Number of protein chains: 2
Amino acid sequence: MPPVNLKRLAQELNLSIATVSRALQDSYEVSAHTKERVRALAAELNYQPNAYASSLRRNVSKTIGVVIPEVNNHFFSLAINGIEEVARQSGYHVLIYLTHDDYEREVGITQYLTGGRVDGLLMSVASESREFEHLQKLYASKPAIVFFDRVCEALPTAKVTTNDYESGYLATAHLIEAGCRHIAHLLVSGNLSIGRMRMQGYQAALREHGLEFDETLVLTGDADDERNKERIMDLLRTRPEVDGIFASVERLALSSYQACKELGRAIPEQIKVVGFSNLGVASLLDPALTTITQPAYDIGRQAATILLRAIEKKKAILPSQSVVLKSELFARRSTAR
Amino acid sequence: MPPVNLKRLAQELNLSIATVSRALQDSYEVSAHTKERVRALAAELNYQPNAYASSLRRNVSKTIGVVIPEVNNHFFSLAINGIEEVARQSGYHVLIYLTHDDYEREVGITQYLTGGRVDGLLMSVASESREFEHLQKLYASKPAIVFFDRVCEALPTAKVTTNDYESGYLATAHLIEAGCRHIAHLLVSGNLSIGRMRMQGYQAALREHGLEFDETLVLTGDADDERNKERIMDLLRTRPEVDGIFASVERLALSSYQACKELGRAIPEQIKVVGFSNLGVASLLDPALTTITQPAYDIGRQAATILLRAIEKKKAILPSQSVVLKSELFARRSTAR
DNA sequence: CTGTTAGCGCATTCAG
DNA sequence: CTGAATGCGCTAACAG
């Protein structure tokens with residue numbers, strides 16, 4: 001069976017390829033009658049335009065890429081939800097790439113992406129990425145880029161983030177007000193803006209409540225959850241005075257909970273924990289879980305909206321289009337008192 | 001600045017386009033010296049082949065599509081993880097589409113996909129889909145398809161599933177052995193094979209343990225979580241004898257937990273619940289949560305592996321390549337006694 | 001080992 | 001209103 005393409009339609013209808021093409025695009029310079037004939041046959045044969053030929057010709061792919069650390073995480077999966085929603089409504093396809101917070105992979109992926117495969121890119125950088133050369137290259141190679149959550153400050157483009165400084169402050173203040181005096185901080189990574197911001201909020205809250213900032217209570221996590229848990233347990237063992245933990249990212253919050261449980265230290269009676277990011281499910285079920293919840297779905301939507309708008313208008317994305325959304329402290333029942 | 005394509009490279013090197021193309025593909029019929037020159041310039045100019053031109057010419061896109069109900073769900077996000085992993089290793093790109101369990105969307109997406117954009121498709125059908133005409137059409141239009149978890153039995157292709165019947169049996173038996181005598185079943189959807197299988201296991205377990213199957217204790221959920229919760233609460237109120245719940249899917253399990261909490265019926269003391277699927281995080285934190293956990297990551301990997309192998313070998317996928325993996329009952333501490 | 005030629009399917013000039 | 005011709009960037013068959 002011959003393939004169903006414009007040529008085939010043209011032959012069967014005794015028309016030229018050009019006319020068929022125009023008819024399918026509802027061009028004003030084709031008679032209503034012809035359009036009808038073309039559409040009827042196209043439907044009958046289940047004609048689908050070849051996306052690649054079209055992309056090649058028009059030099060747009062109607063495809064965006066999403067590069068994120070992982071998907072098995074409430075924040076990112078909700079964000080994808082928002083992104084996919086917006087993309088589909090605008091007729092865009094979504095390619096997904098996971099870095100697993102690995103620098104090498106991120107570099108590989110960005111190279112993969114340099115070359116017209118996508119019209120634009122939504123990105124949350126890997127926490128391990130210190131060097132941004134690959135991102136610079138990518139940026140130079142043209143696709144529109146919008147960062148969300150884990151941004152690369154070095155590139156002059158729009159970023160969709162949350163009020164990380166304030167949230168860090170809020171989380172810490174919440175713990176202090178609940179009676180904590182020795183609050184450990186679990187940092188996601190020193191070279192990630194969200195980590196720095198949240199930590200600054202943490203420090204400010206301590207300071208303003210008259211507490212010392214103790215550098216030795218700050219633990220920087222890595223990609224190995226098991227090891228993170230061990231290190232948290234070590235910290236809790238060697239520093240028994242710790243009565244609160246502020247985890248700056250979901251994975252570390254979980255590791256904290258597990259560490260506390262394994263050490264038999266009850267949450268929230270003995271140790272209070274505030275986990276950053278969307279524990280979703282868990283926080284609904286276990287009242288001991290206090291979380292800072294980011295509006296992940298909206299972040300995804302906003303980032304995608306900015307990106308697609310720029311693509312459609314063929315306009316550059318400016319840093320001034322950046323958006324800062326608000327996170328919320330979500331405690332099922334107050335841990336204060 | 002002129003674009004960096006083969007033509008440009010060829011001009012600057014005084015070679016033909018064909019030679020440059022061959023050199024970049026490391027063809028044996030190009031001198032080492034020439035290859036070197038080409039590669040050097042390509043690197044210098046950061047040449048990236050145009051993926052669409054290549055796809056058009058070769059008639060392969062090195063892209064697969066993943067169509068799933070949602071991503072904000074441990075099962076699917078883990079599966080994506082596995083899929084992306086396998087795909088990337090083989091140099092494939094992954095397009096993602098979410099149906100939100102909506103029939104219309106699924107139809108729209110499959111149409112979207114009919115037309116060479118993807119070389120293959122991994123799919124978990126929407127629970128609402130009763131009609132499979134769109135899938136038949138898609139199947140006829142050629143891309144290789146592998147179903148996973150929520151399969152469409154009508155199509156003669158490979159399916160990657162878990163031992164749903166046994167798991168349903170196991171879950172129910174677990175409740176019975178823990179002392180439950182009136183076990184409600186929350187069905188995901190009557191027209192989904194996983195639902196039917198799990199329910200059959202549930203019925204068999206009841207039967208073999210000498211319990212009556214009571215149709216009025218079976219509740220079929222829909223896409224509205226809030227309403228599901230209300231209906232579960234209704235059921236628990238009108239049928240106070242219910243002392244166990246077997247939820248055949250993650251979302252319904254969560255709604256059950258919430259319903260129980262709102263009614264003040266303690267889990268697992270007053271009501272025991274077994275939730276199907278990967279509650280992940282939650283089950284680690286709350287010992288009350290008993291889950292049937294599917295090997296989601298492996299399911300993703302396996303499905304992707306079968307698909308890519310078939311694509312690479314240009315061979316049709318046979319139903320005989322189907323795989324059935326095993327789920328595991330995961331109770332943090334036994335609810336029995 | 002290298003170049004010439006043709007064409008993937010489509011959108012778009014330019015003619016009529 | 002319609003058709004013929006051109007080329008997007010790349011690969012592959014065919015020469016030499």
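Below, chains carry the letters A, B, ... as their sequence lines are ordered, and counting in each starts from 1. All of these numbers come straight from a predicted model, not from anything done at the bench.
- Checked by distance alone, A:R57 brings no side-chain donor or acceptor within 3.5 Å of a matching partner on the base of D:dG9.
- Across the protein-nucleic acid pair, A:I17 atom CD1 and D:dT2 atom C1' stand 13 Å apart, rounded to whole Å.
- Comparing B:E29 and B:R58 by the nucleotide of DNA chain C whose heavy atom lies nearest to each, the residue mapping closer to the 5' end is B:E29.
- Note: A:Y97 and A:Y112 have perpendicular aromatic rings, judged against thresholds of 30 and 60 degrees for the angle between ring planes.
- Between D:dG9 and B:Y47, no contact under 4.0 Å exists linking OP1 or OP2 to a side-chain N or O.
- Across all strands shown, A:S55 has no heavy atoms under 4.0 Å from either base or sugar-phosphate atoms.
- For the pair B:L138 and B:L155, the minimum side-chain heavy-atom distance is 4.5 Å or more.
- Whole-Å rounding puts the B:L56 CG to D:dA12 P distance at 12 Å.
- Every side chain to side chain contact (heavy atoms under 4.5 Å, CB included) that A:Y47 has, sequence neighbours left out, goes to A:V4, A:L6, A:L9, A:L24, A:A42, A:P49.
- Atom CG of A:L6 is separated from atom C1' of D:dT2 by 15 Å (rounded to the nearest Å).
- Nucleotide D:dG7 holds its P atom 17 Å from the CG atom of A:N59, rounded to whole Å.
- For the helix from C:dC1-D:dG16 to C:dG16-D:dC1, the rotation axes defined at the first and last 5 base pairs enclose an angle of 40°, given to the nearest 10°.
- Of all nucleotides listed (D:dC1, D:dA13, D:dC10), D:dC1 comes nearest to the side chain of A:S31.
- Of all nucleotides in DNA chain C having an atom under 4.0 Å from a heavy atom of chain A, the first and last in 5' to 3' order are C:dG9 to C:dT13.
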*With ring-ring contact (aromatic ring centres under 6.0 Å, His included) as the test, would you mind laying out the steps for B:H74 and A:H74 before giving the verdict?*
CA-CA 9 Å; B:H74 286 89; A:H74 286 90; 5.4 Å; yes

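- A sub-4.0 Å separation between OP1 or OP2 of D:dC10 and a side-chain N or O of B:S21 is absent.
- As rounded to whole Å, 12 Å separates atom P of D:dC10 from atom CZ of B:R8.
- At least one side-chain heavy atom of A:V323 sits under 4.5 Å from a side-chain heavy atom of A:I306.
- Checking A:Q25 against A:S21 by side-chain atom types alone, a donor-acceptor pair falls below 3.5 Å.
- With DNA chain D read from its 5' end, the first of the two nearest nucleotides for B:A18 and A:N14 is the one closest to A:N14.
- Applying the 6.0 Å contact sphere to CD of B:E133 captures no more than 12 heavy atoms from other residues, nucleotides or ligands.
- Here the straight-line distance linking atom CZ of B:R37 with atom CZ of B:R39 works out to 13.5 Å at 0.5 Å rounding.
- Here the C1' atom of nucleotide D:dC1 and the CD atom of A:E36 are 17 Å apart, to the nearest Å.
- In this structure, CG in B:L122 is found 12.5 Å from CG in B:D149, a value given to the nearest 0.5 Å.
- Among D:dC10, D:dT2, D:dA5, the nucleotide with an atom closest to any side-chain atom of A:R22 is D:dT2.
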